[in-house]
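Before any comments, here is the structure.
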Amino acid sequence: EVTQSTADTGGEYFEAVNVLAPEFAGPPLHVHPTAEEIYQVVTGALDVCVDGQWRKLQADESVTVPPGTAHTLKNDSGAEVRLINVHRPAQKFEQFFRELHSLSATGRVTFPPKGLRSAILLSMLFAKYPQEVVSVKPPRWLMTILAGFGRILSFKLPADESFSQR
């Protein structure tokens with residue numbers, strides 16, 4: 001749920017409420033080259049890895065990830081986690097997350113990726129937004145290769161199609 005769009009903040013930041021299902025494995029370890037990211041837990045317990053160090057955040061706790069710092073998150077609890085997620089500056093994070101949500105809501109991308117199609121689509125999304133997100137593990141070069149295969153196979157991202165299921 002977008003709570004503060006890029007337009008609402010004049011590009012200063014983008015804010016959304018994310019709901020993570022129990023046992024959500026999280027995105028690949030990644031960096032945001034020029035933006036900070038904030039996770040603020042509303043309900044539940046969230047595991048966050050920042051610069052190689054895992055820590056569990058409880059409700060009303062938060063962490064700020066500086067630009068260029070490798071990080072990821074997961075929900076290894078048996079309960080849903082609700083968190084406020086902020087990216088500052090907004091850059092194109094809103095578009096990135098809207099596409100990611102479309103891919104995950106339709107089951108085309110899972111975390112971790114189940115099957116080659118899911119891995120390729122996630123790689124294509126990361127490749128489309130290199131100023132916003134860069135994968136660390138798996139390495140960027142591997143995701144770039146997978147994204148290239150996706151283009152060869154005519155896979156489409158949500159913003160590039162009217163949801164062809166190719």
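Everything quoted here is computed from the prediction, not taken from an experiment. These numbers come from the heavy atoms of this one structure, side chains and all, not from hydrogens, waters or symmetry mates.
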Measuring from atom [atom1] of [X] to atom [atom2] of [Y], what distance do you get when rounded to the nearest 0.5 angstrom?
X: S102; Y: L121; atom1: OG; atom2: CG; result: 12.0 Å
X: I84; Y: E1; atom1: CD1; atom2: CD; result: 10.0 Å
X: R55; Y: L46; atom1: CZ; atom2: CG; result: 10.0 Å
X: D76; Y: E23; atom1: CG; atom2: CD; result: 6.5 Å

If you compare all heavy atoms of [X] against all heavy atoms of [Y], which two are closest, and at what distance to 0.1 Å?
X: V31; Y: T69; value: CG1-C, 3.6 Å
X: V109; Y: S118; value: CA-OG, 3.3 Å
X: S123; Y: M143; value: CB-O, 3.2 Å
X: E36; Y: T64; value: OE1-CG2, 3.6 Å
X: A79; Y: P22; value: C-CG, 3.7 Å
X: P67; Y: P33; value: CB-O, 3.7 Å

* Show the numbers, then the answer: is there a side-chain contact (heavy atoms from CB on, under 4.5 Å) between L116 and L146? => CA-CA 9 Å; L116 188 56; L146 288 175; 4.1 Å; yes
* Asked: Passes side-chain contact (heavy atoms from CB on, under 4.5 Å), V133 versus H32? Steps please.
  -> CA-CA 5 Å; V133 60; H32 304 298; 4.1 Å; yes
* Asked: Which of these, K92, H87, E94, sits in a side-chain contact (heavy atoms from CB on, under 4.5 Å) with T6?
  -> E94
* Can you tell which of L73, T72, V48 makes a side-chain contact (heavy atoms from CB on, under 4.5 Å) with W54? -> T72
Verify same cluster id: [X], [Y] (apolar side-chain graph, 4.5 Å):
X: W141; Y: F149; answer: yes
X: V2; Y: L103; answer: yes
X: V134; Y: F14; answer: no
X: V65; Y: F97; answer: yes
X: F93; Y: V63; answer: yes

With a 6.0 Å cut-off (strictly less than), is the heavy-atom count around [atom1] of [X], excluding the residue itself, greater than 12?
X: E80; atom1: CD; value: yes
X: K128; atom1: NZ; value: yes
X: Q53; atom1: CD; value: no
X: K56; atom1: NZ; value: yes

Would you indicate whether the side-chain heavy atoms of [Y] and [X] approach each other to under 4.5 Å?
X: N85; Y: E37; answer: yes
X: T43; Y: R82; answer: yes
X: F111; Y: L122; answer: yes
X: R140; Y: P130; answer: yes
X: V17; Y: V42; answer: no

For [X] and [Y], indicate whether the former's side chain and the latter's backbone hold a donor-acceptor pair under 3.5 Å.
X: H71; Y: C49; value: no
X: T3; Y: E15; value: yes
X: N75; Y: F24; value: no

* **Y129 ring center near F96 ring center (under 6.0 Å)** => yes
